[in-house]
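What follows is a single structure, written as structure tokens, with notes after it.
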Protein chains: 2
Amino acid sequence: MKLGVSPDIIPSRGHEAKRVSIMDAASEVFCRESFAGANIDMIAAEAGVSRQTIYNHHGDKEKLFVAIVRDLTERCNAGIFATISTFPDQPRDLEADLIAFAVRMNRNCICNRDGKFLRKLIQTEGERYPELFAEWREQGPGRTWPAIAARFARLAHAGFLDIDDPDVAARQFLALANAELQTTFMLGGTPDEDEVLQSATNGVRTFLRAFGKRQPAANASKLGALTNA
Amino acid sequence: MKLGVSPDIIPSRGHEAKRVSIMDAASEVFCRESFAGANIDMIAAEAGVSRQTIYNHHGDKEKLFVAIVRDLTERCNAGIFATISTFPDQPRDLEADLIAFAVRMNRNCICNRDGKFLRKLIQTEGERYPELFAEWREQGPGRTWPAIAARFARLAHAGFLDIDDPDVAARQFLALANAELQTTFMLGGTPDEDEVLQSATNGVRTFLRAFGKRQPAANASKLGALTNA
DNA sequence: GACGAATTGGACAAGAGTGTCTAAATTTGT
DNA sequence: ACAAATTTAGACACTCTTGTCCAATTCGTC
């Protein structure tokens, strides 16, 4: 029933506008209230849309929920890969560059709206939709962690780091960068820019104490420590 | 109206048995279904108790929920402090001792029933009960983290570690020990013994690469590490 | 075994939420 | 400006849940 030409992705401006408006409101409400606690009227009100329109678009509450998780997973993944592409492959100042990278990761992927919502939904409803969240696990950590590990492997190969297992190092890098934000995340809060920077700074410093090459040029004194396994 | 003597803590065996049975079932159901998704009949059935009994004991759903969070917080805290008291103040083999400590922490406080439930409830309902979970934050991380930090400070002072900020080190220690368990935790799963050991081992190794004293000359006597402060 | 307290099951009212249906109003493309 | 598609508000049936009430039963203790 399409009229031939371009209106294939965007059937109608208003229609699509409602769709995103519904998705936005629904993520918000599902996150705040949990699946069981959310109700359609709330979502409709928050989206500025009638209840019936939601049913027209998405069929029922559960389908809406699934659509939202898929959408969030996709968008978060895109953000993470975009951020990974800014990984400092040729660092000028390794510490500063890694801190900046960790901050970007946090700000753009973990603390932003999508990241916060997706995390909350996974934590809250993960057990109820095993296959849906298994999908997230494969698409999310299953693809992003190896990508980060590959960057660290390259950095190590180029002589900037001393890493045995890049996969372990990648996970630990992320864990360290977020070490100080755990409690805030637990309670669903959003750390401010300073906290993110602080945590990233402390995390990267520790990471480099563990995996950094001892200063190569100037003082060769500590190099001996590397030899004993 | 008490009958004088001992029956002050335990009014009646059956009564108290029902009480814990209700608490157990309710934690289970609240965690699995979230506050809004849980219903009293479910809890009653799982506790092997009539619905009315639950109302007799706890008044209403919300009071029951609050009682459970308080109970879990208390029990988890007790477990954490008990575990902290096993911190290796005089380590024989620093790496092995810290790994064992990290494993104990995980097994007894984070992966066990109470830890898992409390974490889930905080994540799921934290935003809805700000004052209740603020209380948790003070009683939990607010007291346990400094306690762990103090132990690390002592270890550093005794010459086993090279630590600038014990608070940061303590948080990073925990973050590293759990680095590989994050995804499992997110989805509400319980990592098995091997995964816990693996994560703790990798985490502690990295921790020691960052904060351990560089091996003194001969590795025959590690006691030598005590002298260089 | 007897007494009082606690528990039980079932009925009940009140309220809230889902999903459907309708006719009227609005928006969209042409 | 017209015709088709979409949206809207409201009513509706249905189900589920909470919290109360009560009479009958069971339990714990003496």
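Chain A is the first sequence line, chain B the second, and so forth, proteins listed ahead of strands; every chain is numbered from 1.
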Residues pairing under side chain to side chain donor-acceptor pair (under 3.5 Å) where one sits in residues 40-54 of chain A, two or more places apart or in two chains, turn out to be A:Arg32-A:Glu46, A:Asp41-A:Arg51, A:Ser50-A:Thr53, A:Gln52-A:Asn56
Nearest whole angstrom, please: distance from the C1' of C:dT26 to the CG of A:Asn56.
14 Å
Assign the ring pair B:Phe152 / B:Phe207 to parallel, tilted or perpendicular, where the plane angle (0 to 90°) is split at 30° and 60°.
tilted
Between C:dG17, C:dT8, D:dT18, spot the one nearest the side chain of A:Asn39, thanks.
C:dG17
Would you work out how much the helix from C:dG1-D:dC30 to C:dT30-D:dA1 bends between its ends, with each end axis defined by five base pairs, to 10 degrees?
50°
Would you kindly give the CE-to-C1' distance between B:Met42 and D:dT17, to the nearest whole Å?
11 Å
Send over the distance from A:Glu16 CD to C:dG29 C1', rounded to a whole Å.
16 Å
Would you say that A:Gln182 contacts B:Arg171 through its side chain, given a criterion of any heavy-atom pair below 4.5 Å between the two side chains?
no
When the distance from CD1 of A:Ile54 to C1' of D:dT6 is rounded to whole Å, what number comes out?
15 Å
Identify every side-chain donor-acceptor pair in residues 134-141 of chain B under 3.5 Å, counting partners at least two apart or on other chains, and give the distances.
from     : atom 1 : to      : atom 2 : distance (Å)
B:Glu135 : OE1    : B:Arg70 : NE     : 3.4
B:Glu135 : OE1    : B:Arg70 : NH2    : 3.1
B:Glu135 : OE2    : B:Arg70 : NE     : 2.8

Tell me whether the OP1 or OP2 atom of C:dT7 has a side-chain N or O from B:His57 closer than 4.0 Å.
yes
C:dT8, OP1 or OP2 - any side-chain N/O from B:Lys18 closer than 4.0 Å?
yes
Who passes side-chain hydrogen bond (donor to acceptor under 3.5 Å, both in side chains) against A:Asp89, sequence neighbours left out?
A:Arg151
Check A:Leu155 against A:Pro88 and note the closest heavy-atom contact, atom names and distance.
CD1-O, 3.5 Å
Picking from C:dT8, D:dT8, D:dT18, the nucleotide nearest the side-chain atoms of A:Val49 would be D:dT8
Close side-chain approach of A:Phe30 to A:Val69, heavy-atom, < 4.5 Å:
no
May I ask you to decide whether B:Arg113 forms a salt bridge with B:Asp24, counting only side-chain N to carboxylate O separations under 4.0 Å?
yes
For atom CZ of A:Phe65 and atom C1' of C:dT18, their distance in whole Å:
17 Å
Without decimals, in angstroms, what is the distance between B:Arg19 CZ and C:dA5 P?
18 Å
Using 30° and 60° as the class boundaries, would you call the ring planes of A:Phe65 and A:Phe133 parallel, tilted or perpendicular?
tilted
Using OP1 and OP2 only, check whether a side-chain N or O of B:Ser50 sits under 4.0 Å from C:dT7.
no
So do B:Gln198 and B:Asn202 actually touch side chain to side chain, heavy atoms under 4.5 Å?
yes
Whole angstroms only, please: what is the NE2-C1' distance between B:His58 and D:dT18?
17 Å
Rounded to the nearest Å, what distance is computed from the CG atom of residue A:Leu64 to the C1' atom of nucleotide C:dG17?
15 Å
In residues 22-37 of chain B, which residues come under 4.0 Å of DNA chain D by heavy atom?
none
Tell me whether B:Ser199 contacts the main-chain N or O of B:Ala177 through its side chain, where contact means a donor paired with an acceptor under 3.5 Å.
yes
Does any non-hydrogen side-chain atom of B:Ile68 lie less than 4.5 Å from one of B:Phe117?
no
Heteroatom pairs (N/O) under 3.5 angstrom, protein to nucleotides 19-23 of chain C:
from   : atom 1 : to      : atom 2 : distance (Å)
C:dG19 : OP2    : A:Tyr55 : OH     : 3.3
C:dG19 : OP2    : A:Lys61 : N      : 3.3
C:dG19 : O6     : A:Arg51 : NH2    : 3.4
C:dC21 : N4     : A:Gln52 : OE1    : 2.6

